[in-house]
Colleague: 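First the structure, then my questions, so here it is.
Excluded from the calculations below are hydrogen atoms, water molecules and symmetry mates; all remaining heavy atoms, backbone and side chain alike, are included. Count residues from 1 along the sequence.
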Amino acid sequence: QVQLVESGGGLVQPGTFLILSCAASGFTFDDYAIGWFRQAPGREPEGISCIRRNGYRSYYADPMRGRFTFSRDKAKNTMLLELHSLQSDDTAIYYCAADPRRDGDCSPSLVPTYPYSGQGTQVTVSS
């Protein structure tokens, strides 16, 4: 059974740094496309980043490129999302997600449609 559990969110001040973690079980990263997306209050889910099946390169949505870093530890079956220079617009619930069906290069915009995701972790950026 596929399970994804996010952690690491919290209340932080603008300009600070945060690392989110996602513990995955029930599958291996080689067999699934994986990624992160977020949802802010009153807004549609927004894809952040993804790594394709059997891939190693992280693809980013334009607003996040250069500020967010997505990586995964295959040995620990864990995904990490580093959030740099956080601003109030980054306030949202952050989710990790996985999809066994997608092949080829992944698209960050499609991560919110992946069939598996966790419960999310809240990130609030406020002074």
Side-chain angles (χ1 to χ4, degrees):
Q1 182 179 358
V2 173
Q3 283 194 315
L4 298 163
V5 180
E6 302 91 341
S7 61
L11 173 62
V12 296
Q13 293 190 338
T16 55
F17 166 76
L18 202 60
I19 298 179
L20 306 182
S21 179
C22 173
S25 61
F27 70 101
T28 61
F29 292 156
D30 282 344
D31 296 328
Y32 282 59
I34 55 175
W36 288 87
F37 69 96
R38 68 184 182 183
Q39 187 164 21
R43 300 184 65 177
E44 293 294 314
E46 179 181 29
I48 296 171
S49 183
C50 61
I51 297 175
R52 58 173 287 178
R53 289 174 58 186
N54 293 315
Y56 61 91
R57 176 185 172 185
S58 302
Y59 296 85
Y60 296 93
D62 287 342
M64 291 79 174
R65 188 176 295 112
R67 258 191 338 120
F68 293 1
T69 302
F70 175 31
S71 61
R72 85 267 193 268
D73 185 329
K74 292 172 65 174
K76 297 180 180 179
N77 237 36
T78 299
M79 308 181 213
L80 297 176
L81 184 67
E82 299 178 17
L83 311 175
H84 297 261
S85 302
L86 285 163
Q87 303 299 321
S88 57
D89 286 350
D90 295 316
T91 294
I93 300 175
Y94 285 72
Y95 301 86
C96 57
D99 189 345
R101 306 164 302 179
R102 298 187 185 277
D103 211 347
D105 289 341
C106 62
S107 172
S109 64
L110 296 179
V111 176
T113 69
Y114 286 10
Y116 300 103
S117 61
Q119 294 300 307
T121 185
Q122 175 72 50
V123 173
T124 303
V125 184
S126 175
S127 56

Colleague: So, do Thr91 and Ser126 sit near enough that their side-chain heavy atoms are less than 4.5 Å apart?
Modeller: no
Colleague: My understanding is that only residues two or more places apart in sequence, or in another chain, count here; which of them pass side chain to side chain donor-acceptor pair (under 3.5 Å) with Thr69?
Modeller: none
Colleague: Test of understanding: with side chain to side chain donor-acceptor pair (under 3.5 Å), list the residues that count as partners of Ser109, not counting sequence neighbours.
Modeller: Ser107
Colleague: Return each pair, listed once, that meets salt bridge (charged side-chain N to carboxylate O under 4.0 Å, His left out) where at least one residue sits in residues 114-123; pairs must be two or more places apart or across chains.
Modeller: none
Colleague: If I compare all heavy atoms of Thr113 with all of Arg101, which pair ends up nearest, and what's the gap?
Modeller: O-NH2, 3.9 Å
Colleague: Sequence neighbours left out, what passes side chain to side chain donor-acceptor pair (under 3.5 Å) with Gln122? Give chain and number order.
Modeller: Thr124
Colleague: Indicate the atoms forming the closest heavy-atom contact of Leu4 with Cys22, along with that distance.
Modeller: CD2-SG, 3.8 Å
Colleague: Is any side-chain heavy atom of Leu83 less than 4.5 Å from a side-chain heavy atom of Leu20?
Modeller: yes
Colleague: Nearest 0.5 Å please: distance from the CE atom of Met79 over to the OG atom of Ser49.
Modeller: 11.0 Å
Colleague: I need the full list of salt bridge (charged side-chain N to carboxylate O under 4.0 Å, His left out) pairs touching residues 16-45, with sequence neighbours left out, sorted by first then second residue.
Modeller: Asp30-Lys74, Arg38-Glu46, Arg38-Asp90
Colleague: The criterion is side chain to side chain donor-acceptor pair (under 3.5 Å); which residues satisfy it with Gln3, sequence neighbours excluded?
Modeller: none
Colleague: For the pair Asn77 (side chain) and Ala24 (backbone), establish whether a donor and an acceptor sit closer than 3.5 Å, ignoring hydrogens and angles.
Modeller: yes
Colleague: Under a single-linkage definition using a 4.5 Å side-chain heavy-atom cutoff for Ile, Leu, Val, Met, Phe, Trp and Tyr, are Ile93 and Leu18 assigned to the same hydrophobic cluster?
Modeller: no
Colleague: Kindly compute the distance separating CZ (Arg53) from CD1 (Ile34), expressed to the nearest 0.5 Å.
Modeller: 12.5 Å
Colleague: Please find the pair of heavy atoms, one from Gly35 and one from Val111, that lie closest to each other, and give the distance.
Modeller: C-CG1, 3.8 Å
Colleague: Scan residues 90-111 for pairs that pass ring-ring contact (aromatic ring centres under 6.0 Å, His included), counting only residues two or more places apart or in two chains.
Modeller: Phe37-Tyr95
Colleague: Please name all residues satisfying side chain to side chain contact (heavy atoms under 4.5 Å, CB included) with Ser71, sequence neighbours left out, ordered by chain then number.
Modeller: Leu80
Colleague: Out of curiosity, does Val125 fall in the hydrophobic cluster containing Ile48 (side-chain heavy atoms, cut-off under 4.5 Å, transitive links)?
Modeller: yes
Colleague: Give me each pair satisfying disulfide bond (SG atoms under 2.5 Å apart) with a member in residues 40-92, each pair once, sequence neighbours excluded.
Modeller: Cys50-Cys106
Colleague: For Val2, give me all partners under side chain to side chain contact (heavy atoms under 4.5 Å, CB included), at least two apart in sequence or on another chain.
Modeller: Phe27, Tyr32, Tyr116
Colleague: Can you give each donor-acceptor pair under 3.5 Å made by side-chain atoms of residues 6-17, sequence neighbours left out, with the distance rounded to 0.1 Å?
Modeller:
{"residue": "Glu6", "atom": "OE1", "partner": "Gln119", "partner atom": "N", "Å": "3.1"}
{"residue": "Glu6", "atom": "OE1", "partner": "Gly120", "partner atom": "N", "Å": "2.8"}
{"residue": "Glu6", "atom": "OE2", "partner": "Cys96", "partner atom": "N", "Å": "3.0"}
{"residue": "Glu6", "atom": "OE2", "partner": "Gly118", "partner atom": "N", "Å": "3.3"}
{"residue": "Glu6", "atom": "OE2", "partner": "Gly120", "partner atom": "N", "Å": "3.4"}
{"residue": "Thr16", "atom": "OG1", "partner": "Gln13", "partner atom": "O", "Å": "2.5"}

Colleague: Can you give the donor-acceptor pairs under 3.5 Å from side chains of residues 54-61 to other protein atoms, not counting sequence neighbours?
Modeller:
{"residue": "Ser58", "atom": "OG", "partner": "Phe70", "partner atom": "O", "Å": "2.8"}
{"residue": "Tyr59", "atom": "OH", "partner": "Asp105", "partner atom": "OD1", "Å": "3.2"}
{"residue": "Tyr60", "atom": "OH", "partner": "Phe70", "partner atom": "N", "Å": "2.8"}

Colleague: Taking all heavy atoms of Pro115 and all of Pro100, pick out the closest pair and write down the distance.
Modeller: CG-CD, 4.0 Å
